[in-house]
Amino acid sequence: MINKDEKFMEVAIKMALQARKDGNEPFGAILVKNNEIVMYGENKINSNCDPTHHAEIGLIRTYCSENNIFNLSEYTLYTSCEPCVMCTGAMVWSNLGKIVYSVSHDQLAKIAGSNIMISCKEVIEKSPNKPAIVEQVLNEEGLKVFEGYTFSN
């Protein structure tokens with residue numbers, strides 16, 4: 001039987017596939033409150049010519065701005081890949097309640113090559129707000145998103 005984290009992660013992974021189809025890097029995210037999806041996000045770095053428009057931070061910016069809120073403590077963010085330092089910082093500053101991800105940074109480093117590979121746990125450990133973390137949900141499905149994909153430098 002599929003649990004709710006798996007159900008929502010399926011949607012985040014679909015968003016990653018959509019980002020890839022749209023010519024962006026293959027990362028997707030969704031924001032959930034009270035078991036309902038309230039916002040969808042996908043990587044749009046190429047579409048928007050914005051190197052900071054990762055799925056997670058784009059979703060947080062848009063949702064908070066459109067809803068005039070700063071506090072996401074009652075929300076869970078599902079993301080196809082472990083959030084980077086920048087996105088984890090946005091999650092901390094928005095006081096996000098919970099992060100659920102599929103592919104880990106270590107797995108991504110093997111696929112994409114090394115980058116700023118600091119785990120979201122390391123960022124959160126040193127932060128004033130500490131979202132709960134659930135790791136590697138639907139990991140095999142998350143890894144499939146990267147099959148045949150080449151990262152540009």
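Predicted, not measured: the structure shown is a model, and the values here were computed from it.
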Heavy-atom pair with the smallest gap, counting every atom of Cys84 and His54: SG-ND1, 3.4 Å

Over all atoms of both residues, closest heavy-atom pair of Arg20 and Pro26: CB-CB, 3.9 Å

Point-to-point distance, once rounded to the nearest 0.5 Å, from CG of Asn35 to CZ of Phe8: 5.0 Å

Thr79 side, atom OG1; Met91 side, atom CE - distance, nearest 0.5 Å: 6.0 Å

Same cluster (ILVMFWY, side-chain, under 4.5 Å), Val103 and Ile124: no

Main-chain N/O of Gly23 paired to Asn46 side chain as donor or acceptor, under 3.5 Å: yes

Verify same cluster id: Ile133, Ile118 (apolar side-chain graph, 4.5 Å): no

Can you give me every donor-acceptor pair (side chain of residues 137-151, partner residue at least two apart or in another chain, under 3.5 Å) with its distance?
residue: Asn139; atom: OD1; partner: Gln107; partner atom: NE2; Å: 2.8
residue: Asn139; atom: ND2; partner: Ser102; partner atom: O; Å: 2.9
residue: Asn139; atom: ND2; partner: Gln107; partner atom: OE1; Å: 2.8

Minimal non-hydrogen separation, Leu96 against Ile99, with atom names: CD2-CG1, 3.6 Å

Student check: side-chain heavy atoms of Tyr40 and Leu59 closer than 4.5 Å: no

ILVMFWY network linking Ile60 to Met39, side-chain heavy atoms under 4.5 angstrom: yes

Distance (rounded to the nearest 0.5 Å) between Asn67 CG and Lys33 NZ: 9.5 Å

Any pair counted as salt bridge (charged side-chain N to carboxylate O under 4.0 Å, His left out), so long as it reaches residues 118-132, sequence neighbours left out: Lys121-Glu135

Ser73 and Asn71 side chains, donor-acceptor separation under 3.5 Å: yes

Pairwise distance CZ(Arg61) to CD1(Ile57) - rounded to 0.5 angstrom: 4.5 Å

Student check: side-chain heavy atoms of Leu77 and Leu72 closer than 4.5 Å: no

Exercise: identify the closest heavy-atom pair between Cys87 and Glu56: SG-OE1, 3.4 Å

Side chains of Cys120 and Tyr101 in contact at under 4.5 Å (non-hydrogen atoms): yes

Side-chain (Ser65) to main-chain (Thr62) donor-acceptor, under 3.5 angstrom: no

Residues Asp50 and Thr52: side-chain donor-acceptor under 3.5 angstrom: yes

Minimum-distance pair of heavy atoms, taken over all atoms of Ile45 and Asn24: N-OD1, 3.5 Å

Residue pair Ser119 / Glu82, side-chain heavy-atom distance below 4.5 Å: yes

Pairwise side-chain contact, Val32 with Tyr78, heavy-atom cut-off 4.5 Å (strictly under): yes

Expected output: side-chain Asn34 to main-chain Glu36 donor-acceptor under 3.5 Å: no

Distance in Å, Met15 CE paired with Lys21 NZ, rounded so as to fall on 0.5 Å steps: 11.5 Å

Main-chain N/O of Asn129 paired with Ser127 side-chain donor or acceptor, under 3.5 Å: no

Same cluster (ILVMFWY, side-chain, under 4.5 Å), Ile13 and Ile37: yes

Spatial distance of atom CD (Gln136) from atom CE (Met9) [nearest 0.5 Å]: 10.5 Å

For Trp93 against Pro128, the heavy-atom pair lying closest together: CZ3-CG, 4.1 Å

